[in-house]
There are 2 protein chains.
Amino acid sequence: MAGKGLTKLQRQEALMQELKINPFRTDQELARKFGVSVQTIRLDRLSLGIPELRKRMHSVATQAYEKVRSLAESEVVGSLIDLELGVRGISLMRIEPEMVLAKTKIARGHYLFAQANSLAVAIIDAEVVLTGSARVRFKRPVYVGEEVIAKGVVKMQKGRNFLVSVYSRVEADTVFKGQYVVSVQDESMPREAMHA
Amino acid sequence: MAGKGLTKLQRQEALMQELKINPFRTDQELARKFGVSVQTIRLDRLSLGIPELRKRMHSVATQAYEKVRSLAESEVVGSLIDLELGVRGISLMRIEPEMVLAKTKIARGHYLFAQANSLAVAIIDAEVVLTGSARVRFKRPVYVGEEVIAKGVVKMQKGRNFLVSVYSRVEADTVFKGQYVVSVQDESMPREAMHA
DNA sequence: CTGGTAATAAGAGGAGGTTTTAATTAAAGG
DNA sequence: CCTTTAATTAAAACCTCCTCTTATTACCAG
C-alpha cells in the first residue's frame, strides 16, 4: 500500500487530501491504505475535525442534491439585483470554479452569454419569452472569483420583438457586450417560434 | 401525521413518492409518517425493492457527485462525434430535463450556444482557444429529449483569428445557426485576450 | 370456523461508527 | 540506564439503522 513511514503530520495531510478526492472511504480502507490501525485513523479524523463516513456521505449527498437541483431549477443564470420590467435590469454572477476552463481558469463564454441572455429575457414582461438571435462580443477573459455585473436595457420594440442591449463588467472593465433580439410568445405556442 | 387509514397499495405508492422527493428518510420517520410500524415500512421497502437509507444516500451521493463533477469538468458541451482538426467537426447533444424551461419544456438558448461554441473551439487546433465574438440565431425551439446535431466548419482564417460557422439541426430542422470568431492564444496569455 | 392476507413483535447479528480507559512502543532527555 | 512524552494500538460498551428469521395477532371473506 501507499504511504508507509510517514510522520503523523504527513499522514494527516494525506488523509485530508484523500478524503477530499474521495469522501466515501471507511476508516478501515484508510487504515489499510496508510498502513496504520483503524484507531489511528479515527484519532486523526478526530483531531482534524473530519466526521464519520455516514455524515460525510450525508453532507455530500444533500449538497450535491441541492446543487444539481439548483442548476436544474434556476431559470435565471446569475441573480437579478435590480429590475424595471420592460425597461432595464441588472444581474450579478460570480464566476465559480466549475465555470472555468481547467487550463486557463478563464470562464467559458457561454456562462457570460447565459447571464446576459437570461437578463434580457427577464426584463421583458411576459409569460413566455424566447431568444431569437444575438450578437455577442467577449472583450476580455473573466477569471474565477470575479463578479460579473450585467446591465441590460431595452433599446427598441417592434411588435412582439424586443432588442435588448447588455453590457457586462467586472469592476471597471467591460468584459462582454451583447445585443439580444427576444420575442414574446403567444399562449398558443406556435411551433415556428424562437428560443429560450 | 399524514396518511393514516390507507390501504397497503396506497401506502406503498405514497412511500415511493415520498422517497422520490426526499430520499433521506429513515424507516422510523416513515413509520411515524404513515402511522404504521417500522417493520411494515421495511416490508414495504422489501417488496418495492427500495434499498435502505444508507444505500440510498450512497447512490444519491455518488451520482450527484459524478454529475456535479462532469458538469464541472466537461470542457465540451455535447459530445464530439467527428472532428477534423482545423477544418470541421460534428457534435451531438441530447436535451436533458435540466436544460429546459419548466413552463414550456423548451431548451434554454445558452445550451445551444454552448454546444456550438465549444464545437467551434474544439475544431481549432491549439492549446488555448477563446471566443472573441459570435452571431447566433435561434430558428426554432428545441424540446426535451431531442437530439441536436451541430456541424461546424472553419470558413476563414486571419492570423490567429478563425471564423467558424455552426449549423445545428434536430433531424431535418435547422434549429440554430451561429458564426463564431475564435482566436488562438499565446502561451504567454496576454490579459487583453478574448474569451473561452 | 377456517384460511389467507396484513401487520406487528421479538431476537440475533452486522457495519461503521463513538467514547472512554488502558496498554504498548519508540524515541529523546537527563 | 531510567524516565518522560508522543504516538499508536487495543479493548469494552454503546449507538443507529439496518438485515434476516421466526413467531404472534388481527381481520376479512368464503
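Protein chains get the first letters and strands the later ones, always in sequence-line order, with residue 1 at the start of each.
- The heavy-atom pair separating B:E84 from B:I123 by the smallest distance is O-CG2, 4.3 Å.
- Summarising the geometry of A:L19 relative to A:L30, their closest heavy-atom pair is CD2-CD1, 4.1 Å, with the distance given to 0.1 Å.
- If you measure from atom NE2 of B:H58 to atom P of C:dG16, you get 10 Å, rounded to the nearest angstrom.
- Smallest separation of non-hydrogen atoms from B:Q115 and B:S168: OE1-OG, 4.3 Å.
- The separation between B:D44 atom CG and C:dT8 atom C1' is 13 Å, rounded to whole Å.
- Rounded to whole angstrom, the span from the CG atom of B:L30 across to the P atom of C:dT8 amounts to 14 Å.
- Between A:I41 atom CD1 and C:dT18 atom P the separation is 12 Å, expressed in whole Å.
- Note on B:D82 versus B:K151: no salt bridge recorded, every NZ/NE/NH1/NH2 to OD/OE distance being 4.0 Å or above.
- Where the helix from C:dC1-D:dG30 to C:dG30-D:dC1 starts and where it ends, the local axes point in directions that differ by 10°; five pairs per end, rounded to 10°.
- When B:F162, B:Y167, B:F113 are each tested for a ring pair (Phe, Tyr, Trp, His ring centres under 6.0 Å) with B:Y180, only one passes: B:F113.
- Here the closest heavy-atom approach between residue A:R169 and residue A:E171 is recorded as NH1-O, 2.6 Å.
- Counting to the nearest Å, the C1' atom of C:dA10 and the CG atom of B:L43 are 14 Å from each other.
- Phosphate contact (OP1/OP2 of D:dT9, side-chain N/O of A:T40, threshold under 4.0 Å): present.
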Worksheet, complete the sentence: Its contact letters, B for base, S for sugar-phosphate only and - for none at protein heavy atoms under 4.0 Å, make nucleotides 11-28 of chain D read -----BBBB---------
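- Using a 4.0 Å heavy-atom distance criterion, B:V36 is classed as a sugar-phosphate-only contact.
- For B:Q10 and C:dA6, the CD to P distance is 14 Å, given to the nearest whole Å.
- Contact between B:Q179 and B:S165 at its shortest, heavy atoms only, is NE2-OG, 3.1 Å.
- The heavy-atom pair separating B:Q185 from B:R160 by the smallest distance is C-NH1, 4.2 Å.
- Both B:L80 and B:V129 are part of a single hydrophobic cluster, where members link through side-chain heavy atoms under 4.5 Å apart.
- Rounded to an integer number of Å, the gap from CE of B:M57 to C1' of C:dG17 is 12 Å.
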